[in-house]
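Fair warning: this is a prediction, and the values are worked out from it, not measured in the lab.
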Amino acid sequence: MKTYEQDLPGAAIKFKMVAIPAGTFTIGSPVSEAGREEDEGPQKKVTVSSFWMSEHEVTFAEWDAFFKSMDVPQTKAIAVDAVSRPTAQYIDLTWGMGRDGKQPTNSMSQAAAIMYCKWLYAKTGIFYRLPTEAEWEYACRAGSTKAFSFEDNPQRLKEYAFFKDNSNNKFQKVNQLKPNAWGLYDMLGNLSEWTLDQYDPQAYEKLSNNAKDPLVPAGSRYPRVVRGGSYLSDAKECRCANRIPSLTDWNKRDPQIPKSRWWLTDGMTVGFRLVRPAQQPSKEDIEKFFALYLK
C-alpha cells in the first residue's frame, strides 16, 4: 500500500489518501488519564486491518463537487437504491464562518456523509466509507499511547489542533497545523468526525481482547459516534480516546417536518473524513453496506 491522490471526476480537485498499516493497539484510555470518561474503558487490545484514510477532513471544495452537481438528483428523502444529493440548505449552516474550498465541510448528517461516499463509488468504482471507531482511534494515535498522540500535556495541543483556545470560535482551513506521526491533519479539533459505529457506552466492556476490526453496526438513527473534538471543544474533549454520541438536539432548530435526513441545524461542529479498506468488498457487500446505513 502506498499513499496516493484521488481525482474527483468532472472536477479539478484531488485529495490525498494516506496508507495506514495494519496493527494492534490498545483502544480506550487508562483510568489515570486526565479528563477520562467512563465510556472509554475498560481498555482492550484491538487488531485493525490496513486501510487508507484521507489526509484531512472532507473540504467544501470536495463536498460541493457532489452537493452542487446538476447530474445528481436532489431529493428531500435519502433514496437507498440511488445516488441523490442533499436538498438546499434552508439557513446558512456555516453560521458565518465561511465556505472557502479549503475549509472542512460541516453540518451534514451521518447519512449525508455516507451518500457522499456512495457518490464517490459511483464516480470512481472505489469503495469509500467512514472509519470505524477502532480505525479512527488507531489512525489518530499513530502508534502513540498518549492522550493527544504527541504527549499527555495539553499545552502543545495548539500545535496540532484548532480547539477552544485557538480557533477564534470557528472552523479553520485544513492542513495548517502539524500532522500526526502518520501524516494526518486535524484528527483532533477543527471538526468532530463521524464514524460508522452506533454509540454504546458499554461497547468496550462487551469487546473481547484481541478483537479484529470491531464495529458496533448501525441501529437507530441516534446515537452514532463522532470523534476528535472540535473548534469549540476544551482540550480534554480532543483526546484520542474521547467518544461523543450524536444527539437529537443537533437538529432542534430544523424547520422541516419531518426533520431533515441531510442537515444538522445545530451540529455545526460536525464533519467527516474518508476511509478506503485495503481489500475492496464485493459489489454485493457494498450494496448491503449502503442499504444498511442509508435506510
Side-chain angles (χ1 to χ4, degrees), residues 15-16 18 29 32-37 40 53-64 92-108 113 130-131 133 136-195 225-247 249-250 264-274:
F15 56 87
K16 184 179 288 187
V18 177
S29 61
S32 60
E33 186 168 298
R36 181 185 189 269
E37 302 285 349
E40 297 169 21
M53 176 175 270
S54 53
E55 179 186 55
H56 53 70
E57 294 155 340
V58 173
T59 63
F60 277 115
E62 294 156 18
W63 171 259
D64 283 347
D92 174 19
L93 294 179
T94 71
W95 299 96
M97 290 181 279
R99 200 182 176 86
D100 185 280
K102 292 184 178 180
Q103 289 175 306
T105 187
N106 74 315
S107 295
M108 77 292 300
L130 303 178
E133 270 204 273
W136 191 95
E137 187 171 328
Y138 176 65
C140 181
R141 291 188 177 281
S144 171
T145 60
K146 304 296 185 180
F148 302 100
S149 78
F150 49 90
E151 61 181 45
D152 290 323
N153 185 351
Q155 296 303 313
R156 288 187 57 208
L157 187 56
K158 290 180 182 179
E159 299 175 32
Y160 295 85
F162 289 112
F163 66 114
K164 185 177 179 180
D165 290 2
N166 66 338
S167 69
N168 295 317
N169 293 321
K170 59 183 181 181
F171 51 67
Q172 303 291 328
K173 294 178 183 179
V174 299
N175 289 27
Q176 292 193 82
L177 302 178
K178 291 180 179 178
N180 72 7
W182 286 350
L184 300 168
Y185 291 83
D186 302 313
M187 289 295 290
L188 306 177
N190 218 13
L191 290 182
S192 299
E193 300 173 9
W194 283 113
T195 70
V225 182
V226 296
R227 288 291 204 124
S230 76
Y231 63 91
L232 294 180
S233 295
D234 293 327
K236 68 178 182 180
E237 296 171 328
C238 294
R239 294 172 300 107
C240 297
N242 186 43
R243 308 173 68 214
I244 305 168
S246 64
L247 303 171
D249 281 356
W250 291 357
L264 303 175
T265 50
D266 298 271
M268 64 285 292
T269 60
V270 181
F272 68 106
R273 76 175 68 216
L274 302 173

query = When you measure from the side chain of Asp234 to the backbone N and O of Lys236, does any donor-acceptor pair fall under 3.5 Å?
reply = no
key: Atom pair OH (Tyr231) and CE (Met268), whose distance is rounded to the nearest 0.5 Å   = 6.0 Å
key: Exam field: side chain Asp100 to backbone Lys102, donor-acceptor pair closer than 3.5 Å   = yes
remark   = In this structure, CH2 of Trp63 is separated from CZ of Arg99 (nearest 0.5 Å) by 9.0 Å
inquiry  = Looking at every non-hydrogen atom in both residues, tell me the closest pair between Tyr185 and Arg273 and how far apart they are.
reply    = O-NH2, 2.7 Å
query = Is any side-chain heavy atom of Pro131 closer than 4.5 Å to a side-chain heavy atom of Met53?
reply = yes
inquiry  = What's the separation between atom CE in Met187 and atom CD in Glu57, rounded to the nearest 0.5 Å?
reply    = 9.0 Å
message = Against Arg243, only a single residue in Glu193, Glu133, Glu237, Glu137 fulfils salt bridge (charged side-chain N to carboxylate O under 4.0 Å, His left out); can you say which?
response = Glu133
remark   = Closest heavy-atom pair, Cys240 versus Cys140, reported as atoms and distance to 0.1 Å, is SG-SG, 3.4 Å
task = Please check if the side chain of Ser107 supplies one atom and the backbone of Leu93 the other of a donor-acceptor pair under 3.5 Å.
result = yes
task = With rounding to the nearest 0.5 Å, note down the distance linking CG in Leu188 to CG in Leu177.
result = 10.5 Å
Point-to-point distance, once rounded to the nearest 0.5 Å, from CD of Gln103 to CZ of Phe171 = 5.0 Å
task = Find out whether Thr269 and Asn106 are in side-chain contact, i.e. whether some heavy atom of one side chain is under 4.5 Å from a heavy atom of the other.
result = no
message = Between Asn180 and Ala139 (side chain of the first, backbone of the second, donor and acceptor by atom type, cut-off under 3.5 Å), is there such a pair?
response = yes
remark   = When every non-hydrogen atom of Glu40 is compared with those of Ser29, the smallest separation belongs to OE1-OG, 2.6 Å
inquiry  = Please evaluate residues Phe272 and Met108 with respect to the criterion side-chain contact (heavy atoms from CB on, under 4.5 Å), reporting the C-alpha separation (whole Å), side-chain torsions for both, the decisive distance (0.1 Å), and the verdict.
reply    = CA-CA 9 Å; Phe272 68 106; Met108 77 292 300; 3.7 Å; yes
key: Considering all heavy atoms, the nearest Ala241-Arg141 contact   = CB-NH2, 3.6 Å
task = For residues Trp194 and Ser246, determine if any side-chain heavy atom of one lies less than 4.5 Å from a side-chain heavy atom of the other.
result = yes
ask   = Can you name the nearest heavy-atom pair linking Asp186 to Val174, along with the distance?
value = OD2-CA, 3.5 Å
query = Are any side-chain N or O atoms of Thr105 and backbone N or O atoms of Thr59, one a donor and one an acceptor, separated by less than 3.5 Å?
reply = no
request  = Would you check if the distance from the ring center of Tyr160 to the ring center of Phe150 is below 6.0 Å?
outcome  = yes
inquiry  = If you define the side chain from C-beta out and look only at heavy atoms, does anything of Trp136 sit under 4.5 Å from Val225?
reply    = no
query = Quick check: does any side chain N or O of Asn166 sit under 3.5 Å from a backbone N or O of Ala161, one acting as donor and the other as acceptor?
reply = yes
query = What heavy-atom pair brings Ala147 and Asp152 nearest, and what distance separates the two atoms?
reply = N-OD1, 2.8 Å
task = Report the C-alpha distance between Met97 and Trp95 in whole Å, list the side-chain angles of each, state the deciding distance to 0.1 Å, and finish with yes or no for side-chain contact (heavy atoms from CB on, under 4.5 Å).
result = CA-CA 6 Å; Met97 290 181 279; Trp95 299 96; 4.3 Å; yes
key: Donor-acceptor contact present, side-chain Asn190 to main-chain Gln172, <3.5 Å   = yes
task = Measure the OG-CG distance between Ser54 and Leu184 for me, rounded to the nearest 0.5 Å.
result = 8.0 Å
